[in-house]
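Down below is the structure, laid out as structure tokens.
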Number of protein chains: 2
Amino acid sequence: MRVSLKDVAAHAGVSIKTVSNVVNNYQHVTPAMRERVQRSIDVLGYRPNLAARHLRKGRTGIIALALPELGNPYFAELAAAVIDAAAAHEYIVLLDHTGGHREQEILVSQGFRARVIDGLILSPIELETEDLRDRVENVPLVLLGERDYDLPYDHIAIDNVAAARAAVRHLNGLGRREVAFIGARRGRSEPAQLRVRGWREELTAAGLPADDGLVAATDGWGHADGAAAMNRILESGRRPDAVFAYNDPMAIGAMRVLHERGLRVPEDIAVVGFDDVVEGRFGAVTLTSVSPDKGAIGRLAVESVLARLGGNEVPAPRRVWADYRLVERESTLGRAAAGGGDRG
Amino acid sequence: MRVSLKDVAAHAGVSIKTVSNVVNNYQHVTPAMRERVQRSIDVLGYRPNLAARHLRKGRTGIIALALPELGNPYFAELAAAVIDAAAAHEYIVLLDHTGGHREQEILVSQGFRARVIDGLILSPIELETEDLRDRVENVPLVLLGERDYDLPYDHIAIDNVAAARAAVRHLNGLGRREVAFIGARRGRSEPAQLRVRGWREELTAAGLPADDGLVAATDGWGHADGAAAMNRILESGRRPDAVFAYNDPMAIGAMRVLHERGLRVPEDIAVVGFDDVVEGRFGAVTLTSVSPDKGAIGRLAVESVLARLGGNEVPAPRRVWADYRLVERESTLGRAAAGGGDRG
DNA sequence: ATGAAAGCGCTAACAA
DNA sequence: TTGTTAGCGCTTTCAT
């Protein structure tokens, strides 16, 4: 069976504590003793039992990451960033997905799915402030993404309003006057609200139309939803000269529809997405997109969780802004101006 | 602090064992007693401590999934399938990525990264048979993907040779005579070997050329690698009338290059990918692709791991074939024939 | 049907 | 510097 500290101690002819000292790199161990114990460890193939260590110390070395869906490359790339950031602190990541459904998000926030974790990073879509209000779970929680919560938890995000404004400003700067928004979500909860707000503020400031006829609500946030929304706008009779989509998959779905209808991007309609996923860099028309610094978000999230594990001085909850930039490509600049560039 | 079984027992005026019986749905508990204990549990907000349970039972309820990279949507979608399959058995998934690097894969296979797991599902790229030969780790390991290993572990995959042949046969059936292969990997290890073999076998059987001039090796397996490979083939002076790519991102990268050079897909060059990722369904030219049944793969992998946990009768290692099909779209059929269809 | 007590493997307080 | 021991919270014989 599995070898325990006791077995190693017996083999090396020392006490359990001495072996434990070696395993945990305790300072006051003579080199000779360390080597002797290490030899026994190697010979027996000893590996510490983490369950026991966990039971004793109350730490697991695991943080959970709960994302809406992995199929969206933005979240997949974000997950990779979190895993790497966690690895830098010798933490491993337990991954869960919520489908963006409120009930799932509540369950996760209350620790029903994963109960062996030191901390939780949650990227909510439908979750409401009240759902978190009476959270009893005592593992640290960090929120990710664009929803606005007035709650005592760290929240990592980019400035979505400002980013959306930058995207729309870019379009206006190219002479586009009628900019549609694709991806406001149907129903009470409104994950896209900050991006819609940025879109509206910028257009209003420029004296351009920002009426509801230019906003296409959707049920989901994938390619197909973007395509359906684009179709709906065009069939409504509106003929915008630009589209700002909630995310890249929706933008790409919209572009597919434009292509099917014989409309040229960007000549007839310019398109801007959000998230800067790899896919947008290799279509027939490369996609201009808001590019959040995913590495920074992952890093900040992990650090934020771990900071709350110190125990002594727990930092006050704070809102952390990660960096972003607008990457301009063919879907707004056109092929000639965009060049091959920026496949980062 | 946290409430334990003991606290509940004291509150309910019963022994620890009785509480445990209730928590674990033990059969022989009188309804009255069950209710009385349950009330205490609710009042105190008792939640079992999993670490203690794990220590006692030797199980953690966690399986690890190690994938090359999450950025590739195929793996992201596969991860989602595994998470769901695991959830069906009340298991949660610890996610790791190896970058497809041999050293990382070895570390993972030996359990150095995650040591709190009941089982491991590993999708290797560079790992060699010998690396697993002397594996001492005693947690069950299941292999995923197209590499061929002669080892006593379960291996879940689709029949890559047959699938590749089907793809090439489809191209031949459309009259394509010179089919290039993009994505054979440089260097000793050859993750794409089965797909290259299928490509070669089918062409040879049809009396068509399958020389090395039609194979473009790459360093990685992303969009950019596919684009670079396509460029290299065209610059070599060869002008194939079809391309079969190792995976969808590479196929899409290749199509971008064809588009830049003014070559039409499929009129001038038809393209087939592998994996059927969502992205391929929404480009300007939708992508014909081999579609592995990811749900089945995830399910089989999880079941395979869990079967080895039973303890009593450990099933003999076996090779399991998951289903696949060829989804035909515009990149081979053309726009008219393909219709809008199959956006799954 | 319920209770008492041992022990899973480890860490940490204390002792030597 | 190293050894002894209690106990983390739970499950599980064995009694009753």
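So that the names make sense, note that chain A is the first sequence line, chain B the second, and so on, each numbered from 1. What you see is a predicted model, and the numbers here were worked out from it, not measured in a lab.
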Exercise. Flag this pair as yes if the NZ/CZ of B/K17 is under 6.0 angstrom from the six-membered ring centre of B/Y26 and inside a 45 degree cone about the axis; otherwise no.
Key: yes
Quiz item: Can you tell me if A/S304 uses its side chain to pair, donor with acceptor, with the backbone of A/A301 under 3.5 Å?
Solution: no
Quiz item: Is the backbone of B/P124 close enough, under 3.5 Å, to the side chain of B/R147 for a donor and an acceptor to pair up by distance?
Solution: no
Self-check item: Residues from residues 45-57 of chain B lying under 4.0 Å of DNA chain C - heavy atoms
Solution: B/L55, B/R56
Exercise. For B/V23, answer base if it contacts any base atom (sugar-phosphate contacts may also be present), sugar-phosphate if it contacts only those atoms, and nothing otherwise; contact means non-hydrogen atoms under 4.0 Å.
Key: nothing
Quiz item: With the threshold set at 4.0 Å, does a side-chain nitrogen-carboxylate oxygen contact exist between A/R308 and A/D154?
Solution: yes
Please confirm whether the shortest side-chain N or O distance from [X] to OP1 or OP2 of [N] is below 4.0 Å.
{"X": "B/T18", "N": "C/dA1", "result": "no"}
{"X": "A/S20", "N": "C/dA12", "result": "no"}
{"X": "B/S15", "N": "C/dG3", "result": "yes"}

Practice problem: Apply side chain to side chain contact (heavy atoms under 4.5 Å, CB included) to B/D118 and list each qualifying residue two or more places apart in sequence or on a separate chain. | Solution: B/R59, B/T60, B/Y91, B/L309
Length of the line joining [X]:[atom1] and [N]:[atom2], which is rounded to integer Å:
{"X": "A/K17", "N": "D/dT4", "atom1": "NZ", "atom2": "P", "result": "13 Å"}
{"X": "B/I16", "N": "D/dG7", "atom1": "CD1", "atom2": "P", "result": "14 Å"}
{"X": "A/L5", "N": "C/dC8", "atom1": "CG", "atom2": "P", "result": "13 Å"}
{"X": "A/N25", "N": "D/dT1", "atom1": "CG", "atom2": "C1'", "result": "16 Å"}
{"X": "B/R59", "N": "D/dT11", "atom1": "CZ", "atom2": "C1'", "result": "14 Å"}
{"X": "B/Y26", "N": "D/dT13", "atom1": "OH", "atom2": "P", "result": "10 Å"}
{"X": "B/N21", "N": "C/dT2", "atom1": "CG", "atom2": "C1'", "result": "8 Å"}
{"X": "B/N24", "N": "C/dT2", "atom1": "CG", "atom2": "C1'", "result": "15 Å"}

Quiz item: Would the number of heavy atoms belonging to other residues, nucleotides or ligands and lying under 6.0 Å from CZ of B/R39 be above 12?
Solution: no
Quiz item: Going by atom types only, do B/H155 and B/D148 share a side-chain donor-acceptor pair under 3.5 Å?
Solution: no
